[in-house]
Amino acid sequence: MGQHIAKKISKRKAKKLTRAFFGRPTLKVARDLIGKVLADTRTGEKKSAVGRFLRIVEVEAYIGEDDPACHASVGPTERNRVMYGSAGFAYVYLIYGMYHCLNFVTERKGYPAAVLIRAGEPLERGIQESGGALLSRTDGPGRLCRALGITRSENGLDLTGDSIYVQDCGLEPRKIATGPRIGIRVGKEKNWRFFDPDSKFLSKARDSN
DNA sequence: ACACCGATATACT
DNA sequence: GTATATCGGTGTG
């Protein structure tokens, strides 16, 4: 099945998402991202441990200064600067001192919002390094970034370029579910988490809030 | 199964 | 000084 999908991706059926896709209301972008394919074509030091293609299965929306869980709730700072910029760029930050989280900036320039990529399923096998199984897991925002080798040096990267981008490969989910965002203490009443309930690669909702 | 805890850095009060 | 859009491990039932 992985082979079949990989073939599907390599055909010109795959269409790269444009800046116009990201520059829309964040909830629409978040929902539409489920089933899209995150492609990472970097080589060398930045080579992914899980292959170049991940089908996105879980995301969360963070919208504006009025969303208490959004990093922009405190107004513009050095960390959240990219969220205030144009749509279609990567917002990457370090959390808990050891993990990175990958977001796609949405909406118009000046309005801070983004979609957090929480989980994806690998569509081809990557080169497993020693101790590989653990390092190549992609069912969680921190694990996903670790598996792909995404760090703050990717903060501000243009997702419409040729390095890391997103494709529509016709892998629409059978169903899309929603629920509260995970791991936050404020803004829990909003059901801004979107996921493919049929996926086996969803992040583990722990104790949560 | 669930509960708790430490790691480890940065941003913000 | 405190909180954090996390994770891996250990302890208990």
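Bear in mind the structure is a predicted one, so any value in this text is a computation, not a measurement. Here is how names work: the chains are called A, B, and so on, in the same order as the sequence lines, proteins then strands, and each is numbered from 1.
At most 12 non-hydrogen atoms from other residues, nucleotides or ligands lie less than 6.0 angstrom from CZ of A/Arg52.
Residues A/Arg42 and A/Ser163 approach most closely at CG-OG, 3.3 Å, considering heavy atoms. When every heavy atom of A/Phe21 is checked against every heavy atom of A/Val29, the shortest pair comes out as O-CG2, 3.4 Å.
Using P as the reference atom, C/dA3 and B/dC5 are 16 Å apart when rounded to the nearest Å. Atom name P, nucleotides B/dG6 and C/dT2: the rounded distance is 16 Å, in whole Å.
The side chain of A/Arg185 lies closest to C/dT4, out of C/dT4, B/dA7, B/dA11. If you check B/dT8, C/dA5, C/dG8 against the side chain of A/Tyr62, the one that comes closest is C/dA5. Checked against B/dA11, C/dC7, C/dG8, the side chain of A/Pro141 finds its nearest nucleotide in C/dC7. Among B/dA7, C/dT4, C/dA5, the nucleotide with an atom closest to any side-chain atom of A/Met83 is C/dA5. The side chain of A/Tyr99 lies closest to C/dC7, out of C/dT4, C/dA5, C/dC7. Picking from B/dT10, B/dC12, C/dC7 the nucleotide with the shortest atom distance to the side chain of A/Val74 gives B/dC12.
Note: CD1 (A/Ile95) to P (C/dA3) measures 15 Å, nearest angstrom. Between the CZ atom of A/Arg152 and the C1' atom of B/dT8 there is a distance of 13 Å, rounded to whole Å. Computed from coordinates, the A/Met98 CE to C/dA5 P distance equals 16 Å when rounded to whole Å. Rounded to whole Å, the distance from CZ on A/Arg79 to P on C/dT4 is 11 Å. A straight line from NZ of A/Lys204 to P of B/dA1 spans 11 Å, rounded to a whole angstrom. The CG-C1' distance, from A/Asn80 to B/dT10, rounds to 13 Å in whole Å. Taking atom CD of A/Glu78 as the reference point, atom P of B/dC12 lies 9 Å away to the nearest angstrom. A straight line from CG of A/Asn155 to P of C/dA5 spans 16 Å, rounded to a whole angstrom.
For the salt bridge (charged side-chain N to carboxylate O under 4.0 Å, His left out) test, residues two or more places apart in sequence or in another chain that qualify with A/Lys36 are A/Glu172.
Remark: A/Arg146 is not in phosphate contact with C/dC7, judged by side-chain N or O atoms under 4.0 Å from OP1 or OP2. An OP1 or OP2 oxygen of B/dA11 is reached within less than 4.0 angstrom by no side-chain nitrogen or oxygen of A/His71. Listed pair A/Ser203 / C/dT6 fails the phosphate criterion, with no side-chain N or O lying under 4.0 Å from OP1 or OP2. Listed pair A/Arg143 / C/dG8 meets the phosphate criterion, a side-chain N or O lying under 4.0 Å from OP1 or OP2. Within the 4.0 Å cut-off from OP1 or OP2 of C/dT6, at least one side-chain nitrogen or oxygen of A/Arg118 is found.
Secondary structure note: stems in DNA chain B built from 3 or more consecutive Watson-Crick or G-U wobble pairs under 3.5 Å occupy B:1-7 with C:6-12, B:9-12 with C:1-4.
With hydrogens and angles ignored, a donor-acceptor pair under 3.5 angstrom links the side chain of A/Tyr93 to the base of C/dA5.
The residues A/Asp139 and A/Lys204 are annotated as salt-bridged, a charged nitrogen and a carboxylate oxygen being separated by less than 4.0 angstrom. Taking 4.0 Å as the cut-off between side-chain N and carboxylate O, A/Arg55 and A/Asp196 count as a salt-bridged pair. Salt-bridge annotation for A/Arg193 and A/Glu58: present, with a side-chain N of the basic residue lying under 4.0 Å from a carboxylate O of the acidic one.
At the heavy-atom level, A/Gly142 lies under 4.0 Å from the strands shown only through sugar-phosphate atoms.
Annotation: side chain of A/Leu54 is not in contact with side chain of A/Phe201 (no heavy-atom distance under 4.5 Å).
Heavy-atom nearest nucleotides on DNA chain C were determined for A/Gly140 and for A/Leu94, and the one closer to the 5' end corresponds to A/Leu94.
Looking only at distances, a side-chain donor or acceptor of A/Arg181 sits under 3.5 Å from a matching main-chain atom of A/Gly187.
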